[in-house]
J.: 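Just dropping this structure here.
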Amino acid sequence: MTIHNEAVLILDFGGQYSQLIARRVRDLNVYCEIKSYKTPVEEIQKAGYKGIIFTGGPNSAYASGAPGCDKEIFELGVPILGICYGAQLMAYKLGGRVEPSTVKEYGKTPVEFDLSSGLFHGVEQTSVCWMSHTDKIVALPEGFTARAHSRACPVAAMENAEKRLYGVQFHPEVEHTVQGNEYLKNFLYRVCGCSGDWRMDAFTAETVRQIKERVGDKKVLCALSGGVDSSVAAVLVHKAIGKNLTCIFVDHGLLRKDEGDQVEQVFRRQFDMNLIRVNAQERFLSRLAGVSEPEAKRKIIGEEFIRVFEEEAKRLGHMDYLCQGTIYPDVVESGVGEAAVIKSHHNVGGLPEDIGFTGLVEPLRDLFKDEVRRVGLELGIPEFLVFRQPFPGPGLAIRVLGDITEAKLDLLREADAIFREEIATAGLDRQINQYFAVLTGMQSVGVMGDGRTYDFTVALRGVTTTDFMTADWARIPYDVLAKVSNRIINEVSGINRIVYDITSKPPATIEWE
């Protein structure tokens, strides 16, 4: 279910910044889609894209088996911008020459631009760009002209203005390229002729209209987790069909402090939704008793969720549609690249086919996370829910290391609540992309008062990231960490040591399990 009068295609060649390119294009109010480089030219032509962007990639364009494209794509008459590997591939396919560079370029690099190019209209003649390449274009294809250079790279940009084909060796999408947004804007508006009609308010109104038209007076069932994706999807559908939507909220007892009550209050009282809260804490904990292995925990929770949801769905009788909070990164991760990647826990964990839905309603499948948040605010969902911390499907089960008990969960809930409260008080809650507490399986000796203690160690984790694929540990001020540590030790009986995780991703993952 999409709304866009014009669209740009991001053709993915395995670059680490593919989604970031799409984000930058969306930020410039142009709708775009990411598709694999294997997409047939006929399909691309039929879609009627206003422009195409080739992403970077880890390969050499001249290498055997490297990701490529049909030469016919350059004859479609559609403007193309090649970025890094994408530029090299364009040069190679059109008869130019690409070779290994004797001087590699990585990081911030001064680049000199030829301002007669439409791609560089209105920018500074010399600017810093982000380079990351081991190959370089050494001979241009026929009809192309070099439009930028650096000290080590004679073709930092090239163009065939007549055919509207452009290539840049640097990455305009990363923030380290000082005028990157201007280069992309010039391509989208001056070269492709985009008008920039991608707006969230238009998306919201049109999506509600489309849901009404598609669903009519039929009934929709939604698995509501209280996370931003499922919450925004539920409110969009509710605005369209009202009481014909029923939401099932499975409280598995692995939520953060007061979370279940907050979800119920917002959706039952504020939005007057049909909400069924299933209190299944004992059921989940009994199945998890004695289980320590992380993947076993995930599997048990996923299976039990399906059973609970299926039981509740059958009690309600026939439902026509299932609403899911699928967002665009889910779609991309499932269908782009050399091999399909299926997320281990999706919005509803993989529901059985025999429940009998006519189809899916996925109103957010065109949006990135921050776009979903903007829609959520527009719909009147409270900020604390819209900006809720990312939370894994298995919940606190994978933040309690080792076996799970109600007592351990209670300790972690209190410690985690204190940490989140102090981060918010310090005004860091929008700067740190994810932060949480982990109850390690380790106990250690401590001294409290005049007595010896042998209690649990809590690890605090905070990361900064743009895409959650890589992440750096957050430099939380020492005074904030000290306050968090003092409060947890003094207010949560059973914890006597606090440590802070200073490992980035990679080599670590964001979650501990």
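Just the heavy atoms: all of them, side chains too, but no hydrogens, waters or symmetry mates, feed the values below. We count residues from 1, following the sequence as given.
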J.: Would you call the rings of Tyr31 and Trp198 parallel, tilted or perpendicular, taking 30° and 60° as the class edges?
T.: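 Aromatic pair Tyr31/Trp198 classed tilted.
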J.: If you count every heavy atom of other residues, nucleotides or ligands that lies below 6.0 Å from Lys104 atom NZ, does the total exceed 12?
T.: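 It does: Lys104 NZ has more than 12 such atoms within range.
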J.: May I ask you to check whether His252 and Phe305 place their ring centres under 6.0 Å from each other?
T.: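 No.
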J.: With a distance cut-off below 6.0 Å to the six-membered ring centre and an angular limit of 45° from the axis, does Arg256 pair with Phe391 as a cation-pi contact?
T.: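 Yes, a cation-pi geometry.
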J.: Please determine if Glu213 and Arg209 form a salt bridge, counting it only when a charged side-chain N lies under 4.0 Å from a carboxylate O.
T.: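 Salt bridge present between Glu213 and Arg209.
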J.: Test side chain to side chain donor-acceptor pair (under 3.5 Å) on Ser225 and Ser230 and set out the steps.
T.: CA-CA 6 Å; Ser225 69; Ser230 68; 3.1 Å; yes
J.: Would Phe436 and Phe419 satisfy ring pair (Phe, Tyr, Trp, His ring centres under 6.0 Å), going step by step from the backbone distance to the final call?
T.: CA-CA 7 Å; Phe436 55 89; Phe419 185 32; 8.2 Å; no
J.: Under a 3.5 Å cutoff, is there a donor and acceptor pairing between the side chains of Ser292 and Asp403?
T.: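 No, no side-chain donor-acceptor pair sits under 3.5 Å.
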J.: Check this for me: does any side-chain nitrogen of one of Glu513 and Arg399 sit under 4.0 Å from a carboxylate oxygen of the other?
T.: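 Salt bridge absent between Glu513 and Arg399.
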J.: Run the salt-bridge test on Arg277 and Asp261 with the 4.0 Å N-O cut-off and return the result as yes or no.
T.: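 Asp261 and Arg277: salt-bridged.
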J.: Nearest 0.5 angstrom please: Leu364 CG to Leu236 CG, how far?
T.: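 Nearest 0.5 Å value for the CG-CG distance: 6.0 Å.
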J.: Would you check if there is a donor-acceptor pair between the side chains of Arg497 and Ser444 at a distance under 3.5 Å?
T.: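 Ser444 vs Arg497: donor-acceptor pair found between side chains.
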J.: If you draw a 6.0 Å radius around NZ in Lys369, do more than 12 non-hydrogen atoms from other residues or ligands fall strictly inside?
T.: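 Atom NZ in Lys369 is packed in, count exceeds 12.
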J.: Over 60° means perpendicular and under 30° means parallel, so tell me whether Phe13 and Tyr37 are parallel, tilted or perpendicular.
T.: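 Rings of Phe13 and Tyr37: parallel, as their planes differ by under 30°.
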J.: Rounded to the nearest 0.5 Å, how far does CD1 of Ile423 lie from CG of Leu481?
T.: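 So the gap between those two atoms works out to 7.0 Å.
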J.: Give the minimum heavy-atom separation between Thr457 and Thr440, together with the two atoms involved.
T.: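 Smallest interatomic distance, heavy atoms only, reads O-OG1, 2.7 Å.
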J.: Roughly how far apart are Gln324 CD and Thr326 OG1, rounded to 0.5 Å?
T.: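 So the CD of Gln324 and the OG1 of Thr326 are separated by 4.5 Å.
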J.: Would you compute the distance between atom CG of Leu428 and atom CZ of Arg430 and round it to the nearest 0.5 angstrom?
T.: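 Here the interatomic distance stands at 12.5 Å.
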J.: Would you please name every residue forming a side-chain hydrogen bond (donor to acceptor under 3.5 Å, both in side chains) with Arg287, sequence neighbours left out?
T.: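 Counting only residues at least two positions away or on another chain, Arg287 forms a side-chain hydrogen bond (donor to acceptor under 3.5 Å, both in side chains) with Glu304.
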J.: Mind checking the CZ-CD spacing from Arg199 to Glu206? Nearest 0.5 Å is all I need.
T.: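 Arg199 atom CZ to Glu206 atom CD measures 15.5 Å (nearest 0.5 Å).
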J.: Salt bridge or not for Arg461 and Asp501, using N-O below 4.0 Å?
T.: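 Yes, this pair counts.
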J.: For Arg268, is there an ion pair with Asp272 - N to carboxylate O distance below 4.0 angstrom?
T.: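 No, no charged N to carboxylate O under 4.0 Å.
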J.: In plain terms, say whether Arg420 and Asp416 are close enough for a salt bridge, that is, a side-chain N and a carboxylate O under 4.0 Å apart.
T.: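 Asp416 and Arg420: salt-bridged.
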J.: What's the spacing between Lys257 NZ and Arg413 CZ if we round to 0.5 Å?
T.: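 Separation between the atoms: 10.5 Å.
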J.: So, Ser18 versus Asp12: side-chain donor-acceptor pair below 3.5 Å or not?
T.: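 Judged by distance alone, the side chains do pair up.
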J.: Less than 3.5 Å apart, any donor N or O on the side chain of Ser504 or Asp472 sitting next to an acceptor on the other?
T.: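 Their side chains do contain a donor-acceptor pair, which is all the 3.5 Å distance test asks for.
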J.: Does OH belonging to Tyr106 count more than 12 external heavy atoms closer than 6.0 Å?
T.: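 More than 12 within 6.0 Å, yes.
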